[in-house]
Amino acid sequence: MQVYEAPLRDMKFVLHELHNDDGFGNLEALAEFTPDLVDAVLEEAAKVAQEVLLPLNRSGDIEGCTLENGVVRTPKGFKEAYDMFREGGWCALASDPEWGGQGLPEALNKLTEEMICSSNLSFSLYPGLTHGATTAIEGYASDELKQAYLPKMVEGTWSGTMCLTEPHCGTDLGMLRTKAVPQGDDSFKISGAKIFISAGEHDLTENIIHLVLARLPDAPEGVKGISLFLVPKYLPKEDGTPGPSNGVSVAAIEHKMGLKASATCQLNFDDSIGWLVGTANKGMEAMFKMMNTERVSVGIQGLGVGEAAYQSAVWYAKERVQGRSLSGVKNPKGPADPIIVHPDVRRMLMTARAYNEGSRAVGAWVSRALDAEKHATDPAVKARAEDFIALMTPVVKALFTDCGYESANLAVQVYGGHGYIAESGVEQFVRDARIAMIYEGTNGIQALDLVGRKMPAHAGRYLRSFFHPVSDFIEANKADETFGKMIEGLEKAFGALQLSTGTIAQKGMKDPEEAGAAATDYLRLLGLVAMGYTFAKAALIAQAKLDEGTEDAAFYTAKIGTARFFFDRLLPQATAAFLAIKSGKASMMALDVEMF
Ligand SMILES: Cc1cc2nc3c(=O)[nH]c(=O)nc-3n(C[C@H](O)[C@H](O)[C@H](O)COP(=O)(O)OP(=O)(O)OC[C@H]3O[C@@H](n4cnc5c(N)ncnc54)[C@H](O)[C@@H]3O)c2cc1C
């Protein structure tokens, strides 16, 4: 059974308690968002997630989207839910008030995103992509385009897409063929075929605004010749309402493994009118603005599904009775004990729990940096936030989605055979979570971004935005009476990360394949250290609360328990990653292609 109750207590902990010393807080521009207001928003979002979106998750998966006579229909109930969502102002949460948004802190917005993804990942894509598209338009489009499109997109009556992928080009966008021909005024005619376009066509909004990558006639080859265009499904009339159709048609909807209620479309653009967003041939710059926002959000998708899978597994592990506890009967009135008594079931539940709490804590840290990047008045804080975001974006995307998928898989295992049967609802989590490791740049490409671009940037400056707080924390706390041993573990993993950084920098300079061979392990290692750091901090805070006396003892005790599990059972993966990195590319690349 799909069970989900928003983890509000942990959300409030990461928002209000965990990161107060990171230097990204106390932003005057966000002063109106008092803790009470923030908590009230979280509680309302939880209601929307639990009461409106969760009930449509499984039915949406079963029914899927349909294409009939060029019209795509979302599953039953989606349109009503979307209208309710839009009318409640949820589409406009994080957008700029200049365009009708509510300007909420990202630290809060990302937690509401998590709830939406937990309750209905497919649904989350419709408003999520629109938000990404508005970010690119805000950053790069002309004032005229902003005025014409942003208000409707921010309020959610029009939605947005990102159209990059073509049949022959996914990762390597330099090969894309969609054409843009200038019309002599400020418009262009766009022609070409795009595939895999999320929310490419649907029945939720009055208009759909596509952001399309295409090539101008005289464009240089490769990624340096790509431009970005805004192409509406319907051309707006003078009064701003949707007018004539703009030559965008749906060739098919993709039949896919999961995410069935999200319409993934093959789109044809046939002399469709579009306008340049940003500078000609510099489309990747504008698209990256959108993709970076989306990458953090896709990481949150992984966390969201991981949390729902975990909660569904906990529910089952308390209900299902099989076998007797190895430490003596726990349910004497029943024929067997609930499976939650068994160590191996605990291993699975604790792993998922630790990945979720670790991801949420690291995610909150990055979201606070997103707020500081936007609102800090001190240039040094702003610069540090920018460095930290640049470094952590690929980590959030890949680590959280890897962990989310692992948690979903563990949930199926907790259910045993019943987990493999569709009625249980948990196999959907595996199918849904799987895509987040692929889109927005596969996790392998995120790892290459980390070692190839982020690690060497400005002689390691981005890395320092992460290394400094971790090493300061270790120095300040390694003699702690209660958690000294835990912090020693963090010091060891951090040492492995520093050594690996040196190894990759050295070997990669001579042979880029060495960096490529180390990338995925390096991202995991950095991610584990980030989680370890936040867990150690959390444990210290929790202990202090327990020492001073609190009504919330159960929460803080559990936090320490989860932190201890992370250090005992998950952080040791850091040593394995370090050894794998140290071994280099030799065995990975040894076989000739013909030998495969
Ligand atoms: C459900 C769904 C929704 C999507 N939504 C959108 C959308 O809204 N808009 C959009 O434009 N696209 C969308 N996509 C496309 C998605 O972003 C791409 O599938 C993804 O970027 C990978 O591209 P590809 O499938 O062509 O794989 P390929 O690029 O062919 O990659 C195949 C494998 O090779 C690896 N690889 C490729 N190049 C390298 C390299 N240089 N170094 C190391 N490894 C490499 C990859 O990591 C991967 O493992 C969606 C896809 C799906 C399935």
Side-chain angles (χ1 to χ4, degrees), residues 61 64-65 72 121-133 136 159-178 192-202 208-214 222-223 226 228-229 231 248 250 252-267 269 283-284 286-288 290-295 297-298 301 305 394 397-398 401-402 431-453 508 512-523 585 588-589:
D61 179 58
C65 294
V72 174
L121 186 66
S122 285
F123 181 92
S124 78
L125 262 71
Y126 296 100
L129 277 158
T130 307
H131 182 58
S159 60
T161 71
M162 53 196 290
C163 301
L164 294 77
T165 309
E166 297 179 7
H168 61 286
C169 86
T171 302
D172 190 354
L173 290 168
M175 296 198 289
L176 73 80
R177 294 185 191 137
T178 297
K194 297 282 179 184
I195 60 165
F196 299 171
I197 305 307
S198 299
E201 173 59 34
H202 55 80
I208 302 175
I209 313 307
H210 305 287
L211 288 185
V212 184
L213 287 182
V223 280
I226 298 175
L228 181 65
F229 298 88
V231 184
V248 188
V250 199
I253 48 175
E254 311 288 1
H255 300 282
K256 48 195 198 293
M257 176 179 176
L259 209 69
K260 306 247 183 197
S262 163
T264 313
C265 301
Q266 296 176 15
L267 293 183
F269 293 87
M284 289 308 289
M287 194 45 110
F288 262 111
M290 174 169 183
M291 274 157 63
N292 279 331
T293 317
E294 289 299 308
R295 281 178 177 175
S297 293
V298 172
Q301 292 182 4
V305 179
K397 196 281 180 180
T401 57
D402 282 352
R431 292 185 287 103
D432 283 359
R434 191 64 186 85
I435 185 57
M437 299 158 80
I438 297 172
Y439 58 21
E440 276 317 319
T442 62
N443 286 1
I445 296 301
Q446 302 303 319
L448 287 178
D449 179 40
L450 179 65
V451 298
R453 288 206 195 100
E513 272 190 352
E514 284 288 358
T520 290
D521 290 305
Y522 184 79
L523 187 146
K585 74 165 195 179
M588 198 178 275
M589 302 304 280

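Both ligands and their constituent atoms are indexed starting at 1 by order of listing. It should be emphasised that the depicted structure is a prediction, and the values quoted were computed from it without experimental measurement.
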Distance from [X] atom [atom1] to [Y] atom [atom2], nearest 0.5 Å?
{"X": "Thr520", "Y": "Asn443", "atom1": "OG1", "atom2": "CG", "value": "8.0 Å"}
{"X": "Thr161", "Y": "Ile209", "atom1": "OG1", "atom2": "CD1", "value": "9.0 Å"}
{"X": "Ile208", "Y": "Glu201", "atom1": "CD1", "atom2": "CD", "value": "4.5 Å"}

**Request:** Would you check if there is a donor-acceptor pair between the side chains of His131 and Ser297 at a distance under 3.5 Å?
**Result:** no

- request: Give a yes or no on this: more than 12 heavy atoms of other residues, nucleotides or ligands lie within 6.0 Å of atom CE of Met175.
  value: yes

Ordered by chain then number, the protein residues lying under 4.0 Å from ligand 1 by heavy atom are Met162, Cys163, Leu164, Thr165, Gly170, Thr171, Phe196, Ile197, Ser198, Lys256, Thr264, Ile435, Ile438, Tyr439, Glu440, Thr442, Ile445, Leu448

Those residues at least two apart in sequence (or on a different chain) that pass salt bridge (charged side-chain N to carboxylate O under 4.0 Å, His left out) with Lys585 are Asp511, Glu513

